[in-house]
K.L.:
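Before anything else, here's the structure in question.
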Number of protein chains: 2
Amino acid sequence: MAVTLKDIAQRVGVSVTTVSRALGGYEDVAEATREKVLHAAEELGYYPSATARQLQKRRTDTIGFVIPTFGPRFSDPYFSELLAGIGNEAARHNFDLLVSTRSPDSPEEEEAYHRLVDGRRVDGVLVVRTRIEDSRLAYLTQRNFPFVAFGRSQANEDFPYLDVDGQKGLRDVVQHLIDLGHERIAYVSAPLNLTFATHRLAGYKQALEESGLAYDENLVVVGYLTEEDGYQAAHRLLSLPNPPTAIAVANDLMALGVMRAAHERGLNVGHDVAITGFDDIPLAAHAHPPLTTVCQPIYDIGQRVCRMLIQVIKGEPVAERHILLAPTLVIRESSGATHQ
Amino acid sequence: MAVTLKDIAQRVGVSVTTVSRALGGYEDVAEATREKVLHAAEELGYYPSATARQLQKRRTDTIGFVIPTFGPRFSDPYFSELLAGIGNEAARHNFDLLVSTRSPDSPEEEEAYHRLVDGRRVDGVLVVRTRIEDSRLAYLTQRNFPFVAFGRSQANEDFPYLDVDGQKGLRDVVQHLIDLGHERIAYVSAPLNLTFATHRLAGYKQALEESGLAYDENLVVVGYLTEEDGYQAAHRLLSLPNPPTAIAVANDLMALGVMRAAHERGLNVGHDVAITGFDDIPLAAHAHPPLTTVCQPIYDIGQRVCRMLIQVIKGEPVAERHILLAPTLVIRESSGATHQ
DNA sequence: CTTGACATCCGAAACGTTTTGGATTATAAT
DNA sequence: ATTATAATCCAAAACGTTTCGGATGTCAAG
């Protein structure tokens, strides 16, 4: 049995109220009693019950985070790093983190949100990888529950979010490929129900258009963000009668798969074919050859998004409700820049 | 304001007790009242307060998981997959998952455990990446708090754990290298305060000994499990006056770094130098060349370890308190087997 | 009638805190 | 001596559940 305020109260011979207030640092308790209370607490090894506190204060000091995963298992380094950013920032503010992993748009995902929100297990939630029609966003706004999204949505709903300008990111990287002389540039996209996927695709198109290159829909294929899907997409693209000389990819994990397919076909990446990614996961710099990509500071994003959420929860004014970060192009060897 | 039992009680004109029991499916409530209660609950959108329940039932139905990370940011795919395994299994049993990321053996890590355990935020915790002298294990046993470890400890303490036989794993993979004709085999180890690191090192030594090869301490270097550390270790090893022809590595992430260093030196991995890893993260199969490694089924391990913990929490008898899984050798191209 | 059995309900306590609104006592000012 | 002031303390209510131990009413059997 854990030690409670009552135990201390009995030991010291004072009321529970006084113990609570002594421990809480209130002014209306005599220095002598405070010390006795402190001693007793120390001696008995008192540690307040989080649950009791939560019930009384009607807040949990916990934030919820449901990670959308394709398939039960996943290992996108992207999420580990985002999680670290969120978790460490939460800890700094004395918040806990309740995590679930669910596949997107599934009944299980919906249930997870109900559990967190309706069950009042958390004070706010973080939504990532937003979708064009996003039931999570709809639910949370309708419930008027504190949340912050990493990513925008289709509609012009007004919720606080932070996003990376994927359109600019892809425009820049494709422009980079064009500068290197490429004219047949393929694109491995993410599923287009994901908001960021549409932005990145738009960036791809924009770059082509700005340089007067035609958009060829045969050069665009969709993958579910895994290495394996990138691998397969690349094989499809490279089997075309008139294969691309460059392949831009919507995320690094798929780009790694694309590189593997290229290698398998005896192509020299960065020479015979240019390949680029998006995210700049740690492995990107360490790929073979190192991957040209678009850097979004995932760890920082996790921190910032978490900080925003805590502000929302506390009802503090949020400096910026809508943040759009400009990603930066990171040129490495896979795009062949060094060979030019 | 959320809907409470009281609201339903008032609406139906019945006591809170009855509402609770009606909702709880007890037999001592008339069918007619039960229906009225159910209707009202539905209408008002009642959802029980997790906190209130937790306080009353004196359990949280939550398990704690503190992820040990080197440096604030981390992105070991290994942990994403472990987390998915744990999280999904927890969900199956209607348990929540409270997650923190802390650097091992730090005051912050210790504080995280206190918060979870002393604050009674969780009913049990999962300990991973056990250390030889592990203050977490000592603390939890002393507190008599439910926990399960993924990994053993030095002492013969009797706590429930699941571990992978790293000694066998490394013995097998080094034997594989020996079979391929290698005689100068280096080893990139994990920090030796980690239990699994000592087992794997023992396996390395065992294989050498069994084949009558001398153990050369210059061929063993330690890295902190990151790609970067593997990279640096490899450069050190390959700069030796008499460099190794094969490098066994304690985990896949470092092995990827080792491969990068080898490439950088113009070595053809799998031909000029053999490289092997441990874990079989998804990326291993997709490395260039594909990485020969030792497979431990991380996702399954997450599930099993979680299931064990829930049994411990519920006081159910745990079928096996000490599980030692035999990992399997996965031969791919990086060890050069295909070239023999 | 009385009794017992059963069906249905409920008050009150408990879980461990925090907070509200005084109560009590001592001290200082008039 | 009276009164205001300040310094300490505390009982009770509240947070939203569950559970324990009856209470009440009905009905059939004696």
K.L.:
Name all residues meeting the salt bridge (Lys or Arg N to Asp or Glu O under 4.0 Å) criterion together with B:E89; count only those two or more places apart in sequence or in a different chain, and write none if there are none.
P.N.:
B:R92, B:R307
K.L.:
Can B:E109 and B:R131 be counted as an ion pair, charged N to O under 4.0 angstrom?
P.N.:
yes
K.L.:
Check for a donor-acceptor pair, side chain of A:S49 on one end and backbone N or O of A:A52 on the other, with a separation under 3.5 Å.
P.N.:
yes
K.L.:
Between the two end axes of the helix from C:dC1-D:dG30 to C:dT30-D:dA1, each built from 5 base pairs, what angle do you get to the nearest 10°?
P.N.:
80°
K.L.:
Test of understanding: with salt bridge (Lys or Arg N to Asp or Glu O under 4.0 Å), list the residues that count as partners of B:R59, not counting sequence neighbours.
P.N.:
B:D61
K.L.:
How would you list, by chain and number, every residue that makes a salt bridge (Lys or Arg N to Asp or Glu O under 4.0 Å) with A:D7, sequence neighbours excluded?
P.N.:
none
K.L.:
Dump the pairs, protein N or O against N or O of nucleotides 24-26 of chain D, anything under 3.5 Å, distances to one decimal.
P.N.:
none

K.L.:
Considering residues at least two apart in sequence or located in another chain, which fulfil the side chain to side chain contact (heavy atoms under 4.5 Å, CB included) criterion with A:S80?
P.N.:
B:F74, B:S75, B:S80
K.L.:
With nearest nucleotide decided by heavy atoms, which residue, A:A2 or A:Y26, maps closer to the 5′ end of DNA chain C?
P.N.:
A:A2
K.L.:
Identify, residue by residue, the members of residues 41-57 of chain A with a heavy atom below 4.0 Å from DNA chain D, and return them in order of residue number, or none.
P.N.:
A:L55, A:Q56
K.L.:
Hey, mind stepping through A:V122 and A:I63 against side chain to side chain contact (heavy atoms under 4.5 Å, CB included) and telling me if it holds?
P.N.:
CA-CA 5 Å; A:V122 299; A:I63 81 181; 5.5 Å; no
K.L.:
With a sphere of 6.0 Å drawn around CD of A:E42, does it hold more than 12 non-hydrogen atoms of other residues, nucleotides or ligands?
P.N.:
no
K.L.:
Nucleotide range of DNA chain C contacted by chain A, 5' to 3', under 4.0 Å to a heavy atom?
P.N.:
C:dG16 to C:dT20
K.L.:
Verify the neighbour count for atom NE2 of B:H322: are there more than 12 heavy atoms of other residues, nucleotides or ligands below 6.0 Å?
P.N.:
yes
K.L.:
Please classify the nucleic acid contact of A:T4 as base, sugar-phosphate, or nothing, using heavy-atom distances under 4.0 Å.
P.N.:
sugar-phosphate
K.L.:
Excluding sequence neighbours, so at least two apart, what forms side chain to side chain contact (heavy atoms under 4.5 Å, CB included) with A:I298?
P.N.:
A:Y78, A:E81, A:L82, A:Q296
K.L.:
Pick out the pairs of N or O atoms, protein on one side and nucleotides 8-10 of chain D on the other, that lie under 3.5 Å.
P.N.:
unit_1, atom_1, unit_2, atom_2, d
D:dC9, OP2, A:A30, N, 2.8
D:dC9, OP2, A:T33, OG1, 2.7
D:dC9, N4, A:D28, OD2, 2.9
D:dC10, OP2, A:S15, N, 2.9
D:dC10, OP2, A:S15, OG, 3.4
D:dC10, OP2, A:T18, OG1, 2.7

K.L.:
Under a 4.5 Å cut-off applied to non-hydrogen side-chain atoms, are A:S153 and A:L137 in contact?
P.N.:
yes
K.L.:
Using the side chain to side chain contact (heavy atoms under 4.5 Å, CB included) rule, take A:Y113 and A:V127 through it: C-alpha gap first, then chi angles, then the decisive distance, then the call.
P.N.:
CA-CA 10 Å; A:Y113 277 90; A:V127 177; 4.0 Å; yes
K.L.:
Crowded around B:H114 NE2? As in, over 12 foreign heavy atoms under 6.0 Å?
P.N.:
yes
K.L.:
Holding to ring-ring contact (aromatic ring centres under 6.0 Å, His included), I want the full list of residues that pass it with B:F159, two or more places apart in sequence or in another chain.
P.N.:
B:F147, B:Y161
K.L.:
Please name all residues satisfying salt bridge (Lys or Arg N to Asp or Glu O under 4.0 Å) with B:R304, sequence neighbours left out, ordered by chain then number.
P.N.:
none
